[in-house]
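Naming convention: chains lettered A, B, ... in sequence-line order (proteins, then strands); numbering from 1 in each chain.
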Amino acid sequence: MSGAKPLEIIARRAALELQDGDVVNLGIGMPLLVADYVPDDIQVYLHTENGLLGMGPPPDSDHVDPQIVNAAKQPVTERLGASYFDSASSFAMIRGAHIDVAMLGALEVDERGMVANWTVPGRAVLGVGGAMDLLAGVGKLIILMTHRTRDGVPKLVRQCRFPLTGIRPADVVITELAVFRVDKDGLVLTELQPGVTLEQVRAATEARFRLAPELVAAGAAG
Amino acid sequence: MSGAKPLEIIARRAALELQDGDVVNLGIGMPLLVADYVPDDIQVYLHTENGLLGMGPPPDSDHVDPQIVNAAKQPVTERLGASYFDSASSFAMIRGAHIDVAMLGALEVDERGMVANWTVPGRAVLGVGGAMDLLAGVGKLIILMTHRTRDGVPKLVRQCRFPLTGIRPADVVITELAVFRVDKDGLVLTELQPGVTLEQVRAATEARFRLAPELVAAGAAG
Amino acid sequence: MGNDVAKGKRMTAAEALARVKDGATIMVGGFGLVGAPLHLIAELERRGVKDLTIISNNLGEPGVGLGRLLQLGRIRKAIGSFFTSNPDVIEAYSRGELEVELLPQGTLAEAIRAGGAGLGGFYTPAGVGTLLAEGKEVRELGGALYVLERPLRADVALIKAHKADELGNLVYYKTARNFNPLMATAARWVVAEVDEIVPVGMLDPEAIVTPHLYVDAIVLPGQASTPVPKEASQA
Amino acid sequence: MGNDVAKGKRMTAAEALARVKDGATIMVGGFGLVGAPLHLIAELERRGVKDLTIISNNLGEPGVGLGRLLQLGRIRKAIGSFFTSNPDVIEAYSRGELEVELLPQGTLAEAIRAGGAGLGGFYTPAGVGTLLAEGKEVRELGGALYVLERPLRADVALIKAHKADELGNLVYYKTARNFNPLMATAARWVVAEVDEIVPVGMLDPEAIVTPHLYVDAIVLPGQASTPVPKEASQA
């Protein structure tokens, strides 16, 4: 493992999933970091569910417009070609699969790729935001999360203990240790982050997963 | 009966149903004439379901913009304060009861106030337009029609022979002979057009109807 | 449905909210405080109405906007999508003083739109298989599962727009638009707090977001003839 | 979902419609001929595709717009709200050459919107108790009766807008807007015929009606590199 921080490793790798022309929703929190790592040779368009397509980076402190915010209510900017719309129109884009990619955080992902990212058991259910709409609707669902909790508990689990966000599985899960794709049979480990061994991933993962052919060929299984 | 044409009598009387500030949909055909008779001292706002609030009169031939049309696809104009919107937004206004008054033509109205105004029996059903949405949704539904067909057949009938446009009754029916209101028990004759006698109305009407108290008091029943 | 008054939609906040009674269901625009009608909320506070059901994405921040009404105990029930950003909501809920109905954000928006559009309900994929679908009809349509959601309507909607013309046509500003145009369609009495009122004809007919038929009252806070008490004006 | 191509959405009509195959379901904007993409329809004719299902409010006029495709026998089925203005539809239907699915105009609009918005269906009061509700689920919700209507989607949408920017953001012109913005959301491949293409940044972000994510191809007819045959260009 390199000296980079886990979140930076995750965001950097996640940015490589983007293709030229993609319309992308980065949810709130850590995935917003991905915007800083989008390769220079591609153009992506950021959608924020509170009603803006064409979101730009946070403004410097002299140019804050408090009425231009992202889904986390933080000030952002507007890029050339941006447009504003109401919340029903914004979620029509989301549910209707007009957003190519969403990158969301998660509390847990199970071995079928099911995602829990909106609440914890036993606590009053008082907030969900756009999590369920995004999960149900976007074209490609990429989950970004640390491989374990701060207490070292694996977040890739056999079955989620936390309430699910929906019945649609993630397409890709990216952690600071590895990249998994999800197919109809569940998680497939496709890539180890630089310097990470398969043993490290196994030790940090509760969910069962298969190895992608390219990883086997590269000898990771050894 | 005065020397005025039936359609003019109907349109002139219908205009008196309008109140200052009303948003009004005049459908297609004869009710469009009502716009010519709106009293000078009130302001109404015409909605046309193809996507315009604030419709003005037809342009003179030098000022036709073929892309500003009414629901009958005839050229119209735009008044100050007008707005344009898509068809879903336009019908949201209609179904959501945001249109105060619709004035529509009809083939038949039955004695409960049910309306048949979109197709005839036995013919292929190939056109409905906005008739059913308007009937189901507008605030006040006023039907304008001649009292009988050209062949002298009453159009206010016991039960419609023509397919119904919906299950919502008209609020008011205006013909060249009389004005009826509809309450939970059915048609109530509230007014005779100038020069028309109750006997003339009875002779031209198949539907059963009651007399409004004011008509009885005025001696029309004699 | 601002149809009973052709002219004279311009009012003070006090006039516009005179009809709001205890127990009213009120939609309040805004995403957090962005696009929230803060002056109208302050007037609600001043009027002292209580037992309110509030339909809004959030309940403001502690002591600010709707959060102020919450602190004062005026809100009986909240319908929205994200209340955890205001710790007072969690407290009031856990003390049993606040009822909460939580909807996915897209469902909240769509339900308000459906209320305004005269629809009886709609099927959405959001929430299927989750705690938020419990007790709701889930149905397979065209090979996928959907939850039946019902329209939302209110007695009053308090919204924030950027500009109004004298007829009540509205345009919005940036991401302050959010739920405001939807709520304008879904209440019996719709009050718009605006930054500016312009003469009829000054708004581009192609760019009007809320046509005037949806708006009953326009309030320009700077012109309020009713003094707002100090503690409220901090909101 | 014009997402696979960041740039280069500008195409000739021939390029934009190259993927349209026999048997395709195609949404076509317009209210009658107002806001109908006549150049794209002419290109459909030129391509000779047949067995089409057309979703459009009308089928043009005799020999004009979609009416031309009908005369040529290219349309197998029409889904819309008002076909009686074109006598050719009545004839083709009575000869058994055309299948027709009729919807109330508001239901047609809402069904297209639902298709674009990822909804599984909606309940509308329009049509309850009529011939058009026969065979459909009718249900009481909140004390009133509603018909369940299903979303509409298409392989291709052909729409007419006024201006596009190079990204594909669109604005419309007057009552030529009608079904066009809705259809832009509800097809796998969306082609916009426009009067003008402007640089990115020239359209007001508050006034854009169709954000670029809905648009796959922009066609400026004057710049078509493909010659249109004479009989088609009359449309």
J.: Taking side chain as everything from C-beta outward and backbone as N, CA, C, O, which of these in C:Asn180 sits under 4.5 Å from a heavy atom of chain A? Side chain, backbone, both or neither.
T.: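 Neither part, no heavy atoms under 4.5 Å.
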J.: Side chain, backbone, both or neither: which part of C:Thr107 has a heavy atom under 4.5 Å from chain A?
T.: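 Both the backbone and the side chain of C:Thr107 come within 4.5 Å of chain A.
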J.: Does some side-chain heavy atom of A:Met132 sit less than 4.5 Å from a side-chain heavy atom of C:Leu132?
T.: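 Contact flag for C:Leu132/A:Met132 side chains = yes.
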J.: Between C:Leu131, C:Leu33, C:Val100, C:Asn57, which has the largest tally of heavy atom pairs under 4.5 Å with chain A?
T.: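 Sorted descending by pairs with chain A, the first entry is C:Leu131.
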J.: Return the minimal non-hydrogen interatomic distance between C:Ala154 and C:Thr25, and the atom names on each side.
T.: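 Taking every non-hydrogen atom into account, CB-O, 3.5 Å.
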J.: Do we see a donor-acceptor contact under 3.5 Å between the side chains of A:His63 and A:Thr77?
T.: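 Result is no, nothing qualifies.
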J.: Evaluate the side-chain proximity of A:Leu18 to A:Ile42: yes if any heavy-atom separation is below 4.5 Å, no if none is.
T.: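 A side-chain contact exists here, since the closest heavy-atom pair is under 4.5 Å.
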J.: Any salt bridge between A:Lys5 and A:Glu176, counting N to O under 4.0 Å?
T.: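 No salt bridge links A:Lys5 with A:Glu176.
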J.: Out of A:Gly127, A:Gly130, A:Ala124, return the one with the most heavy atom pairs under 4.5 angstrom to chain C.
T.: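 Heavy-atom pairs under 4.5 Å are most numerous for A:Gly127.
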J.: Using non-hydrogen atoms only, which part of C:Tyr93 is less than 4.5 Å away from chain A: side chain, backbone, both, or neither?
T.: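 Contact with chain A involves the side chain of C:Tyr93 alone.
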J.: Select, from A:Val76, A:Ile68, A:Leu134, the one with the greatest count of heavy-atom pairs under 4.5 Å involving chain C.
T.: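 So the answer, after comparing A:Val76, A:Ile68, A:Leu134, is A:Ile68.
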J.: Side chain, backbone, both or neither: which part of A:Thr165 has a non-hydrogen atom closer than 4.5 Å to chain C?
T.: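 The backbone, not the side chain.
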J.: By a 4.5 Å heavy-atom criterion (distance strictly below it), what part of A:Asp65 contacts chain C: side chain, backbone, both, or neither?
T.: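 For A:Asp65, side-chain heavy atoms alone lie under 4.5 Å from chain C.
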J.: Can you find a side-chain donor-acceptor pair between C:Asn169 and C:His212 that sits under 3.5 Å?
T.: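 C:Asn169 vs C:His212: no donor-acceptor pair found between side chains.
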J.: Which bit of A:Ile94 comes within less than 4.5 Å of chain C, counting heavy atoms only: side chain, backbone, both or neither?
T.: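 When you check distances to chain C, no heavy atom of A:Ile94 falls under 4.5 Å.
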J.: Looking at A:Thr119, A:Ile167, A:Asn70, A:Asp86, which has the largest count of heavy-atom pairs under 4.5 Å with chain C?
T.: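 Top count of heavy-atom pairs under 4.5 Å with chain C: A:Asp86.
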J.: Given side chains that start at C-beta, do those of C:Gln71 and C:Asp88 come closer than 4.5 Å, heavy atoms only?
T.: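 Yes, at least one pair of side-chain atoms sits under 4.5 Å.
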J.: Using heavy-atom distances under 4.5 Å, tell me whether C:Val128 contacts chain A through its side chain, its backbone, both, or neither.
T.: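 Looking at C:Val128, backbone and side chain both touch chain A.
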J.: Given side chains that start at C-beta, do those of A:Tyr45 and A:Met55 come closer than 4.5 Å, heavy atoms only?
T.: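 Sidechains of A:Met55 and A:Tyr45: no contact.
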J.: Mind checking whether A:Trp118 and A:Leu164 have side chains closer than 4.5 Å, heavy atoms only?
T.: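 Sidechains of A:Leu164 and A:Trp118: no contact.
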J.: Examine whether an atom of A:Pro66 lies under 4.5 Å from a heavy atom of chain C, and if so say whether it belongs to the side chain, the backbone or both; otherwise answer neither.
T.: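 Contact with chain C is through the backbone of A:Pro66 alone.
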J.: For A:Gln159, look at atom CD and say whether over 12 heavy atoms of other residues, nucleotides or ligands are found less than 6.0 Å away.
T.: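 Counting neighbours around CD of A:Gln159, 12 or fewer heavy atoms of other residues, nucleotides or ligands fall under 6.0 Å, so no.
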J.: With respect to chain C, which residue among A:Thr48, A:Leu52, A:Leu135, A:Asn50 yields the maximal number of heavy-atom pairs within a distance under 4.5 Å?
T.: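 Ranked by contacts with chain C, first place is A:Asn50.
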J.: Any idea which of C:Thr130, C:Leu102, C:Leu145 has the most non-hydrogen atom pairs under 4.5 angstrom with chain A?
T.: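 Most pairs with chain A among the choices: C:Leu102.
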J.: Most heavy-atom pairs under 4.5 angstrom with chain C, which of A:Gly51, A:Ala92, A:Ala88, A:Ala71?
T.: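 The answer is A:Ala88.
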J.: Could you tell me if the side chain of C:Leu170 sits less than 4.5 Å from the side chain of C:Val215, heavy atoms only?
T.: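 C:Val215 reaches C:Leu170 side chain to side chain.
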J.: Quick one: what part of C:Pro125 sits under 4.5 Å from any heavy atom of chain A, side chain, backbone, both or neither?
T.: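 Both backbone and side chain.
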J.: With a 4.5 Å cut-off on heavy-atom pairs, point out which of C:Gly32, C:Pro104, C:Gly129, C:Ala111 contacts chain A the most.
T.: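 Most pairs with chain A among the choices: C:Pro104.
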